[in-house]
Amino acid sequence: MNFELISVSANSRARAGVLTTGHGTIETAVFMPVGTAGTVKGVHTRDLKDDVKAQIILGNTYHLYLRPGMDVIEKAGGLHKFNGWDKPILTDSGGYQVFSLGDIRKLSELAAKFQSHIDGSYHQFTPEGVIDIQRTIGADIMMAFDECTPGDADYNYAKKSMELTHRWLDRCFEQFNKTEPKYGYQQSIFPIVQGSTYPDLRRLAVAQVKTFDADGYAIGGLSVGEKEDVMYEITEVVTADLPVHKPRYLMGVGTPENILESIDRGIDMFDCVMPSRNGRNGMLFTRDGKINIRNKKWENDHSPIDENGTSFVDSYSKAYLRHLVISNEMLGAQIATQHNLAFYLWLVKTARQKIIEGVFSSWKNEMINRLKHRL
RNA sequence: GGGAAGUUUCCAGAGUGGCUAAAUGGGGCAGACUGUAAAUCUGUUGGCGACGCCUUCGGUGGUUCGAAUCCAUCACUUCCCA
């Protein structure tokens, strides 16, 4: 994997780059649609590629491991073959599930033990096992197995949690180094910086993570309940110390505003369920602000969903989409998801362009003002 | 022609003397959603000069301190027998 910085903003840390993987190149800053179960819910790979213009999508270790299971994925020849997506894939390690499935798991030094949310069966993830699973999935970018520390963790818990993540990181790399890709292309592993909302812990974490010469570095444990200005502050602390010549991935972020602010602070890669989940739930993101398409005011608005939109679905009318969403028609969720993803991809692509043109900051400020609106 | 059951707030449907502006579901309206246990979840849904008041349970008239709940009568609906 190779990362080349094309341009860096003069008056901020914003960067434009090109990341090269075994499944092609990725122009950063990039937004990666989330496809937990091997599918970006409701969107065909064709539309994802040609219409949304996604460059890379996510899959999830925990979900794919439980269903369909590694046997099926391996027999398919990896996730790319299984779901028909021939561009890069990044898999999350299951660290977030350790966090979000909190009630049905137990952490120990050795492993995270958990109960399947599907059938209650008992399983455990070790750092080694998680690497093996991601080898089988065939992710271009695999994530280290971490504990995603909750946003309200006290200092002591955050420190212990971070240290566990670091010990797990050692094991992840050890396993990574003694195993081989299964499908003939290179795989990379990104460590994850934890340390919660404490700058000194975050600095320690960066230092620790940097001891591995990884292809890229992720920031985890943000947008998990802490205040937004704290998230920005921590992002700044972390990007200040990360290697300049490697991509930085801010996990799970965020709103369009969050993404622009984070690009400004030196982030290259993003993923978030927000455009897809909120889309399914009737919320649209546009460059002029947010729309709750279920609201009565759109009942007879026969204008396009988004006059400035880049997706073909944007020519459907608001009134029609409202009808679909309210009637619980599956096409409503599909259109809204596709629109939102296309918007997110447009947003980061435009940010990249503005960085290259050297006008990112002014554009960002203007954009954030528009995005705040509620239509 | 005879008999039976029923008529409740937008709909369906509980409630059979005071704790009932009235369960629950649907629908409506609004909100939430950040490495997806989410096509999910939450709030609200008679009116108002709102910690109180007013009007509601087919119509009318009664009984009672008090009625959606009991009685009489009228209207309508459904079912059964001719």
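Lettering follows sequence order; numbering is per chain, from 1.
Classified by its glycosidic torsion, C48(B) falls in the anti category, the angle being over 90° from 0. Glycosidic conformation of A50(B) is syn; the angle stays within 90° of 0.
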Checking Lys372(A) against Glu257(A) for the salt bridge (Lys or Arg N to Asp or Glu O under 4.0 Å) test, could you report, in this order, the C-alpha distance in whole Å, the side-chain angles of both residues, the deciding distance, and whether it holds?
CA-CA 8 Å; Lys372(A) 276 184 196 149; Glu257(A) 297 94 313; over 6 Å; no

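Applying the Watson-Crick and G-U wobble criteria (two distances, each under 3.5 Å), A12(B) pairs with U24(B). Here A39(B) sits opposite no nucleotide as a Watson-Crick or G-U wobble pair (both hydrogen-bonding atom distances under 3.5 Å). Base pairing analysis places G61(B) opposite C71(B); the two distances defining the Watson-Crick or G-U wobble pair are each below 3.5 Å. Shown here, C53(B) forms a base pair with G47(B); the pair counts as Watson-Crick or G-U wobble because both key distances fall under 3.5 Å.
A side-chain contact (heavy atoms from CB on, under 4.5 Å) with Asn308(A) holds for exactly one of Asp288(A), Thr286(A), Asp314(A); it is Asp288(A).
Side-chain atoms of Lys210(A) come within 3.5 Å of backbone atoms of Asp241(A) as a donor-acceptor pair (strictly under, hydrogens ignored). Arg248(A) contributes a side-chain N or O that, together with a main-chain N or O of Gly266(A), makes up a donor-acceptor pair within less than 3.5 Å.
Applying the ring-ring contact (aromatic ring centres under 6.0 Å, His included) definition to pairs two or more places apart or across chains, those involving residues 189-220 of chain A are Tyr155(A)-Tyr198(A), Phe173(A)-Phe212(A). Note on residues 113-138 of chain A: pairs passing salt bridge (charged side-chain N to carboxylate O under 4.0 Å, His left out), not counting sequence neighbours, are Glu128(A)-Arg171(A).
Within 4.0 Å (heavy atoms only), Leu58(A) reaches sugar-phosphate atoms of the nucleic acid but no base atom. If you check every strand for non-hydrogen atoms under 4.0 Å, Asp271(A) touches sugar and phosphate atoms only. Base engagement by Glu228(A) is indicated by at least one non-hydrogen atom pair under 4.0 Å involving a base atom. Residue Gln97(A) is in sugar-phosphate contact alone, with no base atom involved, counting any heavy-atom pair closer than 4.0 Å across all strands shown. Among the protein residues, Gly35(A) comes within range of no part of the nucleic acid, since none of its heavy atoms lies under 4.0 Å from any strand. Using a 4.0 Å heavy-atom criterion, one finds that Asn278(A) contacts the bases of the nucleic acid, with or without backbone contacts as well. Note on Gln194(A): a base of the nucleic acid sits closer than 4.0 angstrom, heavy atoms only. Residue Leu331(A) is classed as having no contact, given no heavy-atom separation below 4.0 Å to the nucleic acid. Counting non-hydrogen atoms under 4.0 angstrom, Ser116(A) reaches nothing in the nucleic acid. Residue Arg374(A) is classed as a sugar-phosphate contact, given heavy-atom separations below 4.0 Å to backbone atoms only.
Only the P atoms considered, G52(B) is 29 Å distant from G59(B), to the nearest whole Å. Nucleotides U20(B) and G27(B) place their C1' atoms 23 Å apart, quoted to the nearest Å. Between C48(B) and A21(B), the distance separating the two C1' atoms is 14 Å to the nearest Å. Across U78(B) and G26(B), the matching C1' atoms stand 23 Å from one another, rounded to whole Å. Taking atom P on both nucleotides, G28(B) is separated from C11(B) by 15 Å, rounded to a whole Å. The C1' atoms of U45(B) and A39(B) are separated by 24 Å, rounded to the nearest whole Å. With C1' as the reference atom, A22(B) and A75(B) are 25 Å apart, rounded to whole Å. With both ends at atom C1', the span from U8(B) to G3(B) equals 26 Å, rounded to whole Å.
If you check the side chains of Asp146(A) and Tyr96(A), you find no donor sitting under 3.5 Å from an acceptor. Side chains of His123(A) and Tyr65(A): a donor-acceptor N/O pair is present below 3.5 angstrom, by distance only.
A search for ring pair (Phe, Tyr, Trp, His ring centres under 6.0 Å) contacts involving His44(A) returns nothing, not counting sequence neighbours. Applying the ring pair (Phe, Tyr, Trp, His ring centres under 6.0 Å) rule to Trp298(A) yields no partners; only residues at least two apart in sequence or on another chain are considered.
In this structure, His23(A) has its ring center no closer than 6.0 Å to that of Tyr183(A).
For the contact set between residues 127-159 of chain A and RNA chain B, defined by any heavy atom under 4.0 Å, the members are Asp146(A), Cys148(A).
Taking 4.0 Å as the cutoff to heavy atoms of chain A, we find the contact window on RNA chain B bounded by G28(B) to U40(B).
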